[in-house]
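Remember, it's a predicted structure, so these values are computed and weren't measured experimentally. Counting starts at 1 for both ligands and their atoms, following the listed order. Quick note: residue numbers are just sequence positions, from 1.
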Amino acid sequence: MKISVIGCGYLGAVHASAMAELGHDVVGIDIDAHKIEQLAAGKPPFYEPGLPEILTSAMASGRLRFSTDIAEAAGAEVHFIGVGTPQKAGSHAADLTYVDAAIQSLLPHLAAGDLVVGKSTVPVGTAARLAAVIEASGSGATLAWNPEFLREGFAVKDTIRPDRLVYGVAPGEAGEQATALLNEVYASAMAAQTPLIVTDYATAELVKVSANAFLATKISFINAMSEIADASGANITELADAIGFDVRIGRKFLNAGVGFGGGCLPKDIRAFTARAEELGRGDSVAFLKEVDAINLRQRQRVVAMTLQALDKPVYTAKVAVLGLSFKPHSDDVRDSPALDVAVQLRGLGADVVATDPQGIENSRLRHPQLTYSTSIEETLRNADAVVLVTEWAEFKQIDPVSAATLVRVPIIIDGRNTLDAAAWRAAGWTYLGLGRP
Ligand code: UDX
């Protein structure tokens with residue numbers, strides 16, 4: 001099937017490559033010429049495990065090409081919209097500028113029977129509005145909303161083998177045609193018996209934001225419990241293990257730490273709150289403000305723990321920060337708690353040296369005031385305290401005995417509760433976790 005993918009960021013570049021890998025004939029389109037140049041050269045403009053491999057093989061097969069020219073979308077039967085919906089400046093709402101611009105630029109190239117498929121995360125009500133815009137254009141194209149649930153770091157696997165598919169379609173025949181086309185696009189997932197929910201636009205849009213709201217709530221719940229654990233001497237990891245054995249609760253997303261970040265969870269819960277307020281139902285999701293507040297508090301907590309642990313004023317201390325990306329297997333530092341902690345400590349006058357296997361380049365662009373090192377050894381050398389804020393395997397594997405010989409003072413703040421506390425203490429370290437005695 002001929003497919004166009006508008007927007008080649010974390011979502012679109014992976015989607016375009018994965019669709020070509022599955023046998024479709026795909027053109028990826030983006031207004032960022034540099035990004036398109038890199039993709040066309042077979043080099044993803046960001047780190048995503050498995051993407052270079054499928055990008056190279058799909059391009060070699062001749063089924064994948066990239067362009068900055070939206071006219072190249074003409075002739076495709078299905079047009080995926082995968083542009084960003086960041087947080088609007090000065091507001092909690094989502095900025096739909098890119099989605100609106102993508103649709104407007106696509107309109108002149110649509111033909112009767114084409115299906116436009118929204119994948120971007122949007123406030124509920126957006127699809128109905130866009131469907132009217134497409135209908136008014138008179139092209140005969142229709143719209144479906146097909147939210148994307150991929151996790152960065154596992155994006156290729158999540159796209160090729162999603163755990164569920166959701167189609168939000170128009171009522172009647174148009175919706176049936178849209179469903180049939182999408183079933184063709186996702187033929188391999190269909191063959192693998194992937195659960196499919198065919199629904200209306202509003203439900204499809206809400207599925208995505210409510211899934212992210214639930215995940216964010218789960219993380220903030222365990223972080224709130226970790227605050228209580230700190231105040232009472234309980235152990236949050238054992239608590240999470242114990243409640244996680246209840247299948248109704250489940251152990252996943254119950255890791256207490258410096259909190260969630262990235263390009264989705266933080267801005268999605270804020271946009272959800274803003275949209276609910278517009279709908280006159282702000283009280284229904286008012287708890288998400290608390291979820292956000294608990295989450296942001298974890299960053300302050302890690303900073304405060306560091307200040308308290310230091311044996312000297314912070315402005316005279318060297319602090320080693322292990323981690324910059326918002327989670328392992330990613331170079332994404334958008335709303336990263338790790339980078340935020342590093343920046344806050346620097347702001348307080350600490351000499352911050354930070355390292356990360358993938359996140360340095362993006363961090364340097366945003367915060368050139370920090371000192372970055374690609375060497376864990378260099379980062380640790382003469383440190384007055386070490387703060388671990390992203391649980392990369394490279395950091396978990398650090399030998400506490402040899403690390404103790406590098407630092408000036410062996411203090412570690414484990415902002416992800418990921419290290420073996422007993423082993424670090426046995427090597428002479430003052431080990432401090434979050435809700436972990
Ligand atoms: C998320 C959703 O998981 C995905 O379905 C959606 O499509 C996009 O948003 P992603 O942003 O890639 O994906 O990251 P995710 O793996 O969900 O992690 C989000 C944040 O939560 C990270 O900062 C992570 O460190 C943090 N987290 C996760 C915790 O603090 N504790 C946990 O137990 C799990």
Next item on the list: Taking side-chain contact (heavy atoms from CB on, under 4.5 Å) as the test, write out the residues that go with Asp399, two or more places apart.
Entry: Val401, Ser402
Next item on the list: For the residue pair Tyr167 and Tyr186, categorise the inter-ring angle as parallel (less than 30°), tilted (30 to 60°) or perpendicular (more than 60°).
Entry: parallel
Is the closest basic N to carboxylate O distance between [X] and [Y] below 4.0 Å?
| X | Y | answer |
| --- | --- | --- |
| Glu148 | Lys119 | yes |
| Arg129 | Asp100 | yes |
| Arg334 | Glu152 | yes |

Item checked: Within the protein, residues bringing a heavy atom under 4.0 Å of ligand 1, chain by chain -> Glu148, Phe149, Leu150, Arg151, Glu152, Lys208, Asn212, Leu215, Ile219, Phe253, Leu254, Asn255, Gly259, Phe260, Gly261, Cys264, Leu265, Phe326, Lys327, Arg416
Next item on the list: Count the heavy atoms of every other residue, nucleotide or ligand shown that sit under 6.0 Å from CZ of Phe149, and state whether that count exceeds 12.
Entry: yes
